[in-house]
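Everything below concerns the one structure shown next.
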Amino acid sequence: MKLIDGKAVSQKIKEDLKLRIDQIKAKGERVPGLAVVLVGENPASKVYVANKIKDCEQVGIKSIHCHLQEHTEKAELIKTIEKLNNDKEIDGIIVQLPLPKHLNENEILSHISIHKDVDGLSAYQMGKLTLGIPELTPCTPSGVMEMLRYYEIPTEGKRAVIIGRSNIVGKPMAMMLMKENATVTVCHSRTKDLAEICSKGDILVAAVGKARFVNSDMVKEGAVVIDVGINRVDGKLCGDVDFDNVADKCSYITPVPGGVGLMTRAMLLLNTLKAYELYA
Ligand code: NAP
């Protein structure tokens with residue numbers, strides 16, 4: 001069994017990015033910019049936002065943090081987003097989720113310019129991915145693909161099984177693996193014979209949101225197991241895969257923490273540079 005080291009892969013991506021941004025600076029040009037919008041005081045969201053700002057600083061991306069109060073009205077939030085849409089120094093906009101209950105997330109997100117949608121979740125960016133001509137792609141599945149590439153894990157002709165069909169992970173993951181010529185099966189809460197289907201996967205991606213859900217009966221001998229899950233049990237982070245039970249059976253496996261989560265952060269930075277290069 002080989003551990004897929006999300007820290008090493010994300011570090012390499014960040015180093016490459018820093019070099020590219022240093023070159024932009026050396027030419028005296030404007031550096032890429034990311035705006036992070038936070039509404040309210042959710043402690044976990046505050047940590048995520050602080051990490052995004054810190055990541056930007058590390059690679060030389062300019063960042064703006066717009067912190068709005070919990071009771072901010074829809075119109076005011078939309079005005080903030082539209083101002084950022086028109087800001088020539090800003091290439092990417094992230095609205096940190098979850099939003100306070102009085103705000104409709106889909107409605108709010110739909111106001112982000114498709115050219116600044118560095119989460120890759122707009123109908124335009126998801127559509128481009130589905131058509132096989134991706135521009136800005138969702139960060140978590142993009143990070144998984146980068147990990148597979150880094151470890152030279154082949155996808156062509158392989159059976160890939162994904163547990164989960166969310167817009168943010170499962171669906172775009174399926175599109176990306178299909179584009180790389182894997183034969184993809186997507187499972188969800190109504191899937192019958194889940195364990196049997198999973199146990200046929202050369203590549204198994206778990207994005208369920210249930211701690212240690214995947215056990216060794218669900219894993220093929222020699223499979224590559226990618227654990228997207230982030231769950232908190234007794235104050236400790238753990239994935240959707242029962243790592244200790246499964247690891248011996250895998251050829252490769254990602255740990256939690258230290259796996260996909262770090263890649264998601266790195267891909268947001270990469271998408272910001274991509275938006276700058278594509279649309280600025
Ligand atoms: P989600 O929107 O809740 O989707 C979960 C998916 O799992 C759904 O498609 C659901 O099926 C399916 N599911 C639930 N119970 C199941 C069962 N018993 N058998 C088979 N399928 C089942 O979650 P998400 O946003 O995709 O996130 C999944 C996990 O990844 C969470 O732990 C989340 O925290 C983590 N995550 C991590 C990162 C990262 O950077 N590492 C990023 C995003 C998310 P239905 O569609 O039928 O309900």
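One is the number of the first residue; the rest follow in order along the sequence. Note that ligands are numbered from 1 as they come in the structure, with each ligand's atoms numbered from 1 the same way.
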**Message:** Closer than 4.0 angstrom, basic N to acidic O: yes or no for K274 and E135?
**Reply:** no
**Asked** For C187, is the nearest heavy atom under 4.0 Å from an atom of ligand 1?
**Response** no
**Item:** C198, S189, P257: member with heavy atom nearest to atom 10 (C) of ligand 1
**Value:** S189
**Message:** Under a 4.0 angstrom heavy-atom cut-off, which atoms of ligand 1 come close to G229?
**Reply:** 29 (C), 30 (O), 32 (O), 35 (C)
**Complete:** Closest heavy-atom approach to atom 15 (N) of ligand 1 among M263, K171, R165, K210 is made by K210
**Prompt:** Under 4.0 Å between a Lys/Arg side-chain N and an Asp/Glu carboxylate O for D91 and R30?
**Reply:** yes
**Prompt:** What residue and heavy atom of the protein are closest to atom 27 (O) of ligand 1, and at what distance?
**Reply:** V169 CG2, 4.4 Å
**Message:** Considering non-hydrogen atoms of the protein only, which is the closest contact for atom 41 (N) of ligand 1, and what is the distance?
**Reply:** V228 O, 3.2 Å
**Asked** According to the interplanar angle, ranging from 0 to 90°, do the rings of H115 and Y279 count as parallel (below 30°), tilted (30 to 60°) or perpendicular (above 60°)?
**Response** parallel
**Request:** Inspect the contact between E277 and R20 and indicate whether a charged nitrogen and a carboxylate oxygen are less than 4.0 angstrom apart.
**Result:** yes
**Request:** State whether the number of non-hydrogen atoms from other residues, nucleotides or ligands found under 6.0 Å of E73 atom CD is greater than 12.
**Result:** no
**Message:** Looking at Y252, I want to see if its OH is surrounded by more than 12 non-hydrogen atoms of other residues, nucleotides or ligands under 6.0 Å.
**Reply:** yes
**Option with minimal heavy-atom separation from atom 6 (C) of ligand 1, where the choices are G143, G164, G239** = G164
**Request:** Using a strict 4.0 Å cut-off to heavy atoms of L194, name the atoms of ligand 1 that fall inside it.
**Result:** 19 (N), 20 (C)
**Request:** Can you sort out which atoms of ligand 1 are near T264, meaning under 4.0 Å from one of its heavy atoms?
**Result:** 39 (C), 40 (O)
**Prompt:** By number and element, which atoms of ligand 1 are closer than 4.0 Å to a non-hydrogen atom of I168?
**Reply:** 25 (O)
**Request:** Considering the heavy atoms of I163, write down every atom of ligand 1 situated less than 4.0 Å from one of them.
**Result:** 20 (C), 21 (N)
**Message:** Among L99, V39, T80, exactly one meets side-chain contact (heavy atoms from CB on, under 4.5 Å) together with T72. Which residue is that?
**Reply:** V39
**Item:** Closest protein heavy atom (residue, atom, distance) for atom 21 (N) of ligand 1
**Value:** H188 C, 3.1 Å
**Asked** In terms of side-chain heavy atoms, does K46 have a donor or acceptor partner in Q96 at a distance below 3.5 Å?
**Response** no
**Prompt:** Within less than 4.0 angstrom of ligand 1, does T191 place any heavy atom?
**Reply:** no
**Asked** Which of the atoms in ligand 1, numbered in the order shown and given with their element, are less than 4.0 Å from a heavy-atom of G209?
**Response** 28 (C), 29 (C), 31 (C), 32 (O)
**Request:** Go through ligand 1 atom by atom and flag the ones less than 4.0 Å from a non-hydrogen atom of I230.
**Result:** 32 (O), 34 (O), 35 (C), 37 (C), 39 (C), 41 (N)
**Asked** Is it true that the side chains of K14 and Q58 contain a donor and an acceptor less than 3.5 Å apart?
**Response** yes
**Fill in**
Closest to atom 13 (N) of ligand 1 by heavy-atom distance, out of V208, D227, T140, I162, is V208
**Complete:** among protein heavy atoms, the one nearest atom 1 (P) of ligand 1 is S166 CB, 4.1 Å
**Request:** Indicate whether the side chain of D117 and that of S122 have a donor and an acceptor atom separated by less than 3.5 Å.
**Result:** yes
**Pair E29 + K25, salt bridge at N-O below 4.0 Å** = no
**Item:** Distance filter under 4.0 Å to F213 heavy atoms, resulting ligand 1 atoms
**Value:** 17 (C), 18 (N), 19 (N)
